[in-house]
Amino acid sequence: MPATVHVRELDLADLDAAWDLGRFAFGNTSERAASTRIVVPGMTRWGAFDDTGRLVGKAVDLHHDQWWSGRAVPAADVAGVAVAPEARGRGVARAMLTALLRGAHERGAAVSALYPTVAAPYRACGWEAAGVLRTVNLATAALPRHRPAAHLTVRAATPADLPAVTDLYERVARHRNGMLTRRGTLYDFFAADGGLPGDGVTVVEADGELVGYATWQRGRGYGADSVLTVDEALATTAEAARELAGVFASWASVAPTVRLCPLDGDAVSVQLPLESAREHERDLWMHRPVDVARAVSARGWPVHARGVVDFHLSDPLAEWNTGTWRLAVADGAAELTRVDAEADLRLDVRGFALLYAGAAHARSVAQAGLLRNAGDADPAALDLLGVGGPAQLLDYF
């Protein structure tokens with residue numbers, strides 16, 4: 001292909017070519033969705049074109065928000081990255097991601113996450129592996145059974161329950177790190193039909209208040225290979241979690257396996273025999289800051305955390321992040337301000353991503369070559385950036 005790559009937002013006339021490019025890249029055999037032919041609010045589609053005007057690459061910026069310790073942080077989550085086979089290895093993905101980051105920065109995004117098919121190209125652009133979305137199989141017969149609680153109501157949901165389901169998700173997710181808020185124009189667009197997800201939704205109520213729910217798909221057959229797929233199961237009380245586990249256990253005669261994505265340390269996971277779980281699938285996810293100052297100021301911080309540390313950050317794709325910064329954390333808030341002085345601690349943007357997401361301690365980041373000490377400063381001082389604890393995703397995009 002010619003050496004020049006032109007990157008711009010896709011318009012409606014480009015969407016057929018973008019869909020074909022994605023079909024080739026991901027081997028998609030499903031029927032084309034209507035949303036691939038129209039402008040979708042809360043989504044920016046980017047394309048790379050060669051000198052002949054042929055589309056040779058595409059990427060999508062999803063205008064999500066992520067919960068970080070009780071506060072919603074604007075995100076540019078990346079999906080659908082594909083490059084034509086003849087154009088691979090020629091900088092197309094880097095050009096698209098550079099444009100995507102700049103556009104996301106201009107619209108106010110602070111952080112970004114993605115699920116890579118291969119990590120190396122994204123590492124070269126500043127993203128770093130921060131966690132894994134695990135899908136596990138459990139023997140249905142091994143799930144705990146219990147006597148139903150008299151003060152709880154377990155029933156099938158109706159569309160009228162969806163606002164309460166959304167509210168319960170938020171009560172579970174908002175004080176964690178990294179999970180999507182499931183708010184905004186993008187979610188409103190795809191939720192417009194108002195139908196229930198999957199094959200069914202089971203809800204648990206206490207005195208008319210929703211305290212737990214599970215969305216599930218029955219699958220096919222009732223033999224030894226039959227699987228009940230639980231897309232999501234969340235609860236705000238231990239009693240509600242036990243009710244949901246009991247509902248899953250009731251499928252033992254026709255679905256010997258329950259498949260789900262456990263959320264670390266939540267009410268439902270602590271009821272499950274995870275010691276006997278067998279991994280079905282693992283999806284690596286990566287993180288990076290779009291704007292480091294926004295990423296720090298927008299999130300929540302533990303109220304006990306307090307301190308100040310100076311560091312120099314290098315970010316080749318987002319020059320607005322490069323420079324010397326002072327991180328100050330106190331009273332449940334934090335701020336990054338630019339300083340003129342030199343700093344002994346020199347942090348790569350990938351190291352920032354690891355610390356911000358709570359995926360590594362500063363000494364480990366230094367051992368990985370993503371944090372250098374040019375003087376006598378203790379690298380552990382940058383653990384202040386990761387005091388919020390580990391991040392986790394529950395949505396695949």
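Predicted model only: the values in this text are computed from it and were never measured.
For the pair Trp67/Arg176, no side-chain contact is recorded, criterion being any heavy-atom separation below 4.5 Å from C-beta on. The side-chain heavy atoms of Leu382 and Val365, taken from C-beta on, include no pair separated by under 4.5 Å. Using a 4.5 Å cut-off on side-chain heavy atoms (C-beta onward), Leu210 and Asp167 make no contact. Residues Phe189 and Ser35 are in side-chain contact: their nearest non-hydrogen atoms beyond the backbone lie under 4.5 Å apart.
The two residues Pro256 and Ser226 come nearest to each other via the heavy atoms CD-O, 3.3 Å. The two residues Leu347 and Leu355 have their closest heavy-atom pair at CD1-CD1, 4.1 Å. Nearest approach of Ala380 to Arg363, heavy atoms of both residues: CB-NH2, 3.8 Å. Of all heavy-atom pairs spanning Ala48 and Val92, the tightest one is CB-CG1, 3.7 Å. In plain terms, the two heavy atoms of Ala119 and Leu284 that are nearest each other are CB-CD2, 4.5 Å. Of all non-hydrogen atoms in Arg37 and Leu15, the two that sit nearest each other are C-CD1, 3.7 Å.
Taking a 6.0 Å sphere around CD of Glu31, one finds it holds 12 or fewer heavy atoms contributed by other residues, nucleotides or ligands. The local environment of CZ in Arg338 is crowded, with over 12 non-hydrogen atoms from other residues, nucleotides or ligands closer than 6.0 Å. Within a 6.0 Å sphere centred on NE2 of His361, other residues, nucleotides and ligands contribute 12 heavy atoms or fewer.
A salt bridge is absent between Glu281 and Arg259; no separation between the charged side-chain nitrogens and carboxylate oxygens falls under 4.0 Å. With respect to Arg107 and Asp61, a salt bridge is recorded, a charged nitrogen being found less than 4.0 Å from a carboxylate O. Taking 4.0 Å as the cut-off between side-chain N and carboxylate O, Asp50 and Arg90 do not count as a salt-bridged pair. Between Arg123 and Asp348, no side-chain nitrogen of the basic residue sits less than 4.0 Å from a carboxylate oxygen of the acidic one, so the salt-bridge criterion is not met.
A side chain to side chain contact (heavy atoms under 4.5 Å, CB included) with Gln392 is found for exactly one of Val132, Leu133, Leu263, Asp266, namely Leu263.
Taking hydrophobic clusters as Ile, Leu, Val, Met, Phe, Trp and Tyr residues chained together by side-chain heavy-atom distances below 4.5 Å, Leu354 does not share a cluster with Trp285. Under a hydrophobic clustering in which Ile, Leu, Val, Met, Phe, Trp and Tyr are joined whenever their side-chain heavy atoms come within less than 4.5 Å, directly or via other members, Val308 and Leu327 fall into different clusters. With hydrophobic clusters built from ILVMFWY side chains whose heavy atoms lie under 4.5 angstrom apart, Tyr169 shares a cluster with Val201. No path of Ile, Leu, Val, Met, Phe, Trp and Tyr side chains, each step under 4.5 Å between heavy atoms, connects Phe397 with Tyr122, placing them in separate hydrophobic clusters. Using a 4.5 Å cut-off between side-chain heavy atoms of Ile, Leu, Val, Met, Phe, Trp and Tyr, with links allowed through other members, Val292 and Trp320 fall into different hydrophobic clusters.
Here Leu162 contributes atom CG and Tyr213 contributes atom OH; the two are 10.5 Å apart, rounded to the nearest 0.5 Å.
With sequence neighbours left out, Arg306 forms a salt bridge (Lys or Arg N to Asp or Glu O under 4.0 Å) with Asp331. Applying the salt bridge (Lys or Arg N to Asp or Glu O under 4.0 Å) rule to Asp310 yields the partners Arg326; only residues at least two apart in sequence or on another chain are considered. Applying the salt bridge (Lys or Arg N to Asp or Glu O under 4.0 Å) test to Glu243 and every residue at least two apart in sequence or in another chain returns nothing.
For the residue pair His287/Gln66, the side-chain donor-acceptor check at 3.5 Å is satisfied.
In this pair, Phe352 and Tyr356 present their aromatic rings parallel. The plane angle is below 30°, not in the 30 to 60° band.
A side chain to side chain donor-acceptor pair (under 3.5 Å) check over residues 181-191, counting only residues at least two apart or in different chains, returns the pairs Glu170-Arg183, Arg182-Glu232, Arg182-Asp395.
Seen from the ring of Trp127, Arg288 counts as a face-on cation partner, given the 6.0 Å and 45° thresholds.
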Test side-chain hydrogen bond (donor to acceptor under 3.5 Å, both in side chains) applied to Asp340 and Thr324, step by step: CA-CA 7 Å; Asp340 293 331; Thr324 303; over 6 Å; no
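Through chains of ILVMFWY side-chain contacts below 4.5 Å, Tyr222 is grouped with Val136, Leu138, Leu143, Leu152, Val154, Val204, Val211, Trp216, Leu228, Val230, Leu244, Val247, Phe248, Trp251, Val254, Val258, Leu260, Val268, Leu272, Leu274. Apart from Val118 itself, the hydrophobic cluster it occupies contains nothing, where clustering links Ile, Leu, Val, Met, Phe, Trp and Tyr at side-chain heavy-atom distances under 4.5 Å.
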